[in-house]
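All values below come from the heavy atoms of this structure, side chains included, with hydrogens, waters and symmetry mates left out. Labels below follow one simple rule: chain letters A, B, ... track the order of the sequence lines, proteins then strands, and each chain is numbered from 1.
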Amino acid sequence: MSDAPDQPVETPADAAASQIEAAQNEAAQNEAAHTEAAQIDLPAETGRRLAKIAQLRDQGVEPYPYRFDRSHTLAEIRAAHGELEPGTETEVRVQVAGRVLLLREQGKLVFATMRDRSGEIQLFVSKAVVGDETFAAVGQLDLGDWVGIDGTVMTTRKGELSVKVESIQLLSKAVRPMPDKWHGLTDTDTRFRQRYADLIVNEEARRNFEVRHAMIASFRRTLHRRGFIEVETPVLHVEAGGAHARPFITHHNALDQQMYLRIALELHLKRLIVGGMERVYEIGRIFRNEGISPRHNPEFTMMELYQAFGDYSEMIEITETLITQAAIDATGTSVVTVLGPGDASEVVDLAQPWRRARMIDLVEEATGVAVHPSQPVEQLRELAAAHDVAVLDRWGSGKIIEEIFESTAEHKLTAPCFVTGHPVEISPLARVDRNDPYLTERFELFMGGRELANGYSELNDPIEQRQRFEEEQAGKEAGNAEGMGVDHDYLRALEYGMPPTGGLGIGMDRVAMLLAGTTSIKEVILFPTLRPEVF
RNA sequence: GCCCCUUUAGCUCAAUGGUUAGAGCAGCGGACUUUUAAUCCGUUGGUUCUGGGUUCGAGUCCCAGAGGGGGCACCA
């Protein structure tokens with residue numbers, strides 16, 4: 001898989017031939033290594049199954065065939081025949097495929113439970129129907145094997161919808177034993193590292209990712225309906241801007257250029273607004289080189305959208321619509337149970353209007369002291385000290401207010417709340433509030449003590465944006481590792497003129513957590529970041 | 001980075017510092033033509049996460065390390 005180094009002069013055909021040869025040699029070595037490993041490391045059960053594979057091949061049976069043509073998913077069969085009376089035999093012939101989950105041998109009968117993505121069904125195998133040879137083959141099946149079935153739809157005497165097997169084809173032999181058929185996997189380490197095994201045995205895990213998919217599909221529908229265009233912007237950035245976060249640093253060899261994985265989508269999307277695209281969005285992975293927690297994964301999915309001619313009030317409206325509609329589409333109801341922070345939980349109908357409150361008012365509510373970024377910084381330092389909030393020397397009044405908010409008020413926001421009016425100091429890309437020069441037209445959505453969304457009236461004045469960037473740059477030079485640098489190309493774009501614009505970012509993983517009812521982001525990310533496994 | 005919890009068979013879990021570390025499931029052998037986590041009989045399977053230490057004796061106590069979880073810190 002490594003990049004091929006530059007080859008000496010060689011025709012493409014030569015190169016291809018030598019690559020194939022190299023690959024074959026490598027494959028042969030790998031096979032030898034695997035056989036050795038099988039003898040030394042793997043559990044006895046795997047050894048038995050590997051022996052079965054050899055035996056099948058001796059009999060001319062391929063344990064890993066290329067394809068199988070199915071006529072129905074299992075859900076389709078259940079939808080069409082779920083109402084059959086007990087003890088019914090039909091002439092309906094079906095070809096189905098799935099994984100064998102349970103085997104119940106009963107003398108000359110075998111009952112098996114099979115599952116495909118759509119659902120489960122019972123296989124009914126009678127020695128008298130399939131003959132000795134096929135019946136023996138069924139006896140050689142192991143839990144976890146993939147099979148293709150040709151048979152007819154029936155119900156058993158007890159009424160269980162089943163496929164009466166006429167022939168069975170092994171589609172893929174599983175050589176590793178399945179986790180416990182009843183308890184599944186509980187060890188979180190194994191569940192996240194071996195997500196494949198988790199998905200096989202844990203219904204809850206499968207459901208979480210169905211919810212996630214339904215949510216994202218819902219977002220796309222809503223945005224499509226409103227005339228938004230989905231775009232893709234670069235992941236590799238020369239300047240990691242658009243948010244305050246430490247970036248991952250990488251390097252482009254040919255350009256000999258240090259690059260950063262993006263920490264936000266914002267600045268490229270707003271360039272597109274300058275270009276006249278008017279309504280754009282992107283659902284994309286962003287990367288922040290920070291701690292891992294139940295609410296943070298270093299790579300996560302953000303949806304950002306920008307709408308020309310709008311401002312933050314429309315962003316609040318669209319946030320409510322997107323999330324409420326996603327709840328309905330993914331769970332069938334706008335009523336959700338918001339979990340957290342801590343053990344807190346609250347049942348909320350998202351279809352009701354969500355609370356709005358200014359950050360400074362929430363701080364006053366929590367501390368009993370009125371605050372405003374126009375106050376002298378000394379006063380706010382005192383208040384911070386009174387609430388055990390650590391303050392850095394370079395922080396101004398606005399940053400201190402935010403810190404006080406985070407430690408005194410944020411954790412009380414279980415039900416949805418739009419926190420608005422962030423100080424200018426902490427909002428370098430947001431437009432100043434039309435009624436208060438110290439605040440911005442900005443909001444963050446909090447639910448379950450977690451930030452889910454962030455939006456504002458976009459700053460489109462290139463002169464003011466340059467000043468804000470320069471303040472950020474100064475902070476960065478003073479030691480703020482999360483500070484933004486000056487993005488000269490972005491400033492150039494603004495100089496061409498950006499229309500008044502509303503912008504919004506939603507943390508998709510956190511919305512997925514809300515709708516799936518989990519308190520850990522790892523439950524809604526298929527392969528969460530973990531320390532590398534030592535083999 | 002700090003604190004707490006945790007790690008025992010393929011999986012899920014037991015085991016006062018005291019015989020040879022047990023059980024269910026899975027596996028293996030056997031019985032069974034209507035099972036539903038099938039049932040019944042028999043049975044294989046262990047680097048108790050790793051390395052030290054205390055002790056007559058350690059899965060159990062102590063120290064160090066590793067993985068995971070939670071919290072704090074960091075972090076939009």
Side-chain angles (χ1 to χ4, degrees), chain A residues 41-49 51-52 86-87 101-113 120-129 135 142-144 154-162 164 174-194 197-198 200-202 242-246 263-264 266 286 288-298 300 302 341-343 390 399 402-403 405-407 410 419 422 426-429 442 444-446 450-454 480-482 484 505 507 510 519-520 522 528 530-534:
Chain A
D41 291 327
L42 296 174
E45 172 62 4
T46 294
R48 272 191 290 276
R49 295 192 186 192
K52 280 186 186 175
L101 298 177
L102 296 170
L103 284 164
R104 296 180 289 278
E105 294 186 51
Q106 178 78 33
K108 296 186 177 65
L109 285 182
V110 173
F111 299 90
T113 303
E120 296 180 3
I121 207 161
Q122 177 169 269
L123 303 178
F124 178 93
V125 189
S126 161
K127 192 175 187 181
V129 172
F135 197 74
D142 288 298
L143 301 186
M154 61 167 282
T155 52
T156 61
R157 287 177 202 164
K158 294 271 176 63
E160 182 74 27
L161 183 66
S162 306
K164 186 163 81 174
V175 300
R176 190 175 283 267
M178 293 294 111
D180 190 283
K181 66 182 179 184
W182 186 242
H183 300 97
L185 282 174
T186 59
D187 180 54
T188 50
D189 183 21
T190 311
R191 286 189 51 231
F192 299 145
R193 286 188 196 281
Q194 301 183 34
D198 185 38
I200 291 170
V201 296
N202 288 332
H244 291 133
R246 290 177 201 233
I263 58 171
E266 177 155 356
I286 66 176
R288 296 186 182 177
N289 206 338
E290 287 156 5
I292 296 173
S293 85
R295 295 163 292 284
H296 299 86
N297 198 63
F300 62 103
M302 182 84 97
D343 296 330
K399 175 65 177 168
E402 183 194 35
E403 291 289 324
F405 163 76
E406 286 181 1
S407 46
E410 185 180 289
V419 178
H422 297 59
I426 56 166
S427 311
L429 301 167
R442 178 180 176 188
E444 288 180 307
L445 170 64
F446 283 86
R450 289 181 279 268
E451 181 197 345
L452 265 66
N454 178 23
N480 178 13
E482 292 83 39
M484 284 183 219
R510 291 188 176 173
T519 53
S520 169
K522 291 183 171 70
L530 300 170
R531 277 197 172 76
E533 189 171 5
V534 178

Quickly work out the A:L102 CG to B:A38 C1' distance and round it to whole Å. 10 Å
For atom CD of A:E160 and atom P of B:U36, their distance in whole Å: 11 Å
Contact class for A:A245 (heavy atom, under 4.0 Å): base, sugar-phosphate, or nothing? sugar-phosphate
When only distance counts, do a donor and an acceptor, one from the side chain of A:D180 and one from the base of B:G24, lie under 3.5 Å apart? yes
Between A:I286 and A:F300, is there a side-chain heavy-atom distance shorter than 4.5 Å? yes
From the candidates B:C11, B:U12, B:U33, the one with an atom nearest any side-chain atom of A:D187 is B:U12
In whole angstrom, what separates A:E105's CD from B:G30's C1'? 11 Å
Categorize A:A197 for me: base, sugar-phosphate, or nothing, with a 4.0 angstrom heavy-atom threshold over every strand shown. nothing
In whole angstrom, give the distance that lies between atom CD of A:Q194 and atom P of B:G68. 14 Å
Sub-3.5 Å donor-acceptor pair from the side chain of A:S162 to the main-chain atoms of A:M154, do we have one? no
I'd like to know if the side chain of A:T113 reaches the main chain of A:Q122, judged simply by a donor and an acceptor atom lying under 3.5 Å from each other, with no hydrogens or angles considered. no
Taking the P atom in each of B:C49 and B:A21, what is the distance between them to the nearest angstrom? 15 Å
Between B:G46 and B:C11, how many Å separate the two C1' atoms, rounded to a whole number? 14 Å
5' priority, RNA chain B, between A:A112 and A:L185 [closest heavy atom]: A:L185
Establish whether the base of B:C75 is bridged to the side chain of A:H296 by a donor-acceptor pair shorter than 3.5 Å. yes
Indicate, with a heavy-atom threshold strictly under 4.0 Å, whether A:N454 touches base, sugar-phosphate, or nothing. base
Reported CG-to-CD distance for the pair A:L445 and A:E451, which is rounded to 0.5 angstrom: 8.5 Å
Looking at the side chain of A:F192, which of B:C72, B:U33, B:G69 is the nearest nucleotide? B:G69
Would you classify A:G87 as touching base, sugar-phosphate or nothing, given that sugar-phosphate means primed atoms plus P, OP1 and OP2, and contacts are heavy atoms under 4.0 Å? nothing
Would you measure the distance from the C1' atom in B:U60 across to the matching atom in B:U8 and give it in whole Å? 11 Å
Partners meeting side-chain hydrogen bond (donor to acceptor under 3.5 Å, both in side chains) with A:K164 (sequence neighbours left out): A:E89
Roughly how far apart, to the nearest Å, are B:U19 and B:G57 at atom C1'? 12 Å
Check the phosphate of B:G69 against A:K522, side-chain N and O only, distance under 4.0 Å to OP1 or OP2. Yes or no? yes
Assign A:T156 to base, sugar-phosphate, or nothing according to its heavy-atom contacts below 4.0 angstrom with the strands shown. base
Is any side-chain nitrogen or oxygen of A:R193 closer than 4.0 Å to OP1 or OP2 of B:G68? yes
Can any side-chain N or O of A:R246 pair as donor or acceptor with the backbone N or O of A:N289 at less than 3.5 Å? no
Under 3.5 Å side-chain donor-acceptor pair for A:H422 and A:E444: yes
How far does the P atom of B:G59 sit from the matching atom of B:G53, given to the nearest Å? 15 Å
Looking only at side-chain N and O atoms, does A:K181 come under 4.0 Å of OP1 or OP2 in B:C25? no
Any A:P298 side-chain heavy atom under 4.5 Å of A:I292 side chain: yes
Interatomic distance, A:Q106 CD vs B:U34 C1' [rounded to whole Å]: 7 Å
Within the structure, does a side-chain N or O atom of A:T188 lie under 4.0 Å from either OP1 or OP2 of B:G68? no
For A:Q122, answer base if it contacts any base atom (sugar-phosphate contacts may also be present), sugar-phosphate if it contacts only those atoms, and nothing otherwise; contact means non-hydrogen atoms under 4.0 Å. base
Can you tell me if A:S293 touches the phosphate of B:G70, counting only side-chain N or O atoms and a distance under 4.0 Å to OP1 or OP2? no
Just the rounded figure in Å: distance from C1' of B:C75 to CZ of A:R450. 16 Å
Expressed in whole Å, how much space separates the C1' atoms belonging to B:U33 and B:A38? 14 Å
Among A:R104, A:E105, A:E160, exactly one meets side-chain contact (heavy atoms from CB on, under 4.5 Å) together with A:F111. Which residue is that? A:R104
Whole angstrom is fine here: how far is it from CG in A:L103 over to P in B:C32? 18 Å
B:G18 to B:A31 separation - P atoms, rounded to the nearest Å: 44 Å
Identified stems (criterion: three or more consecutive Watson-Crick or G-U pairs, under 3.5 Å), RNA chain B: B:1-7 with B:66-72, B:10-13 with B:22-25, B:27-31 with B:39-43, B:49-53 with B:61-65
Could you work out the separation of B:G71 and B:U54 based on their C1' atoms and round it to a whole Å? 32 Å
Using OP1 and OP2 only, check whether a side-chain N or O of A:R531 sits under 4.0 Å from B:G67. yes
Send over the distance from A:I426 CD1 to B:C75 C1', rounded to a whole Å. 14 Å
Give a yes or no on whether a salt bridge exists between A:D142 and A:R48, defined as a side-chain N under 4.0 angstrom from a carboxylate O. no
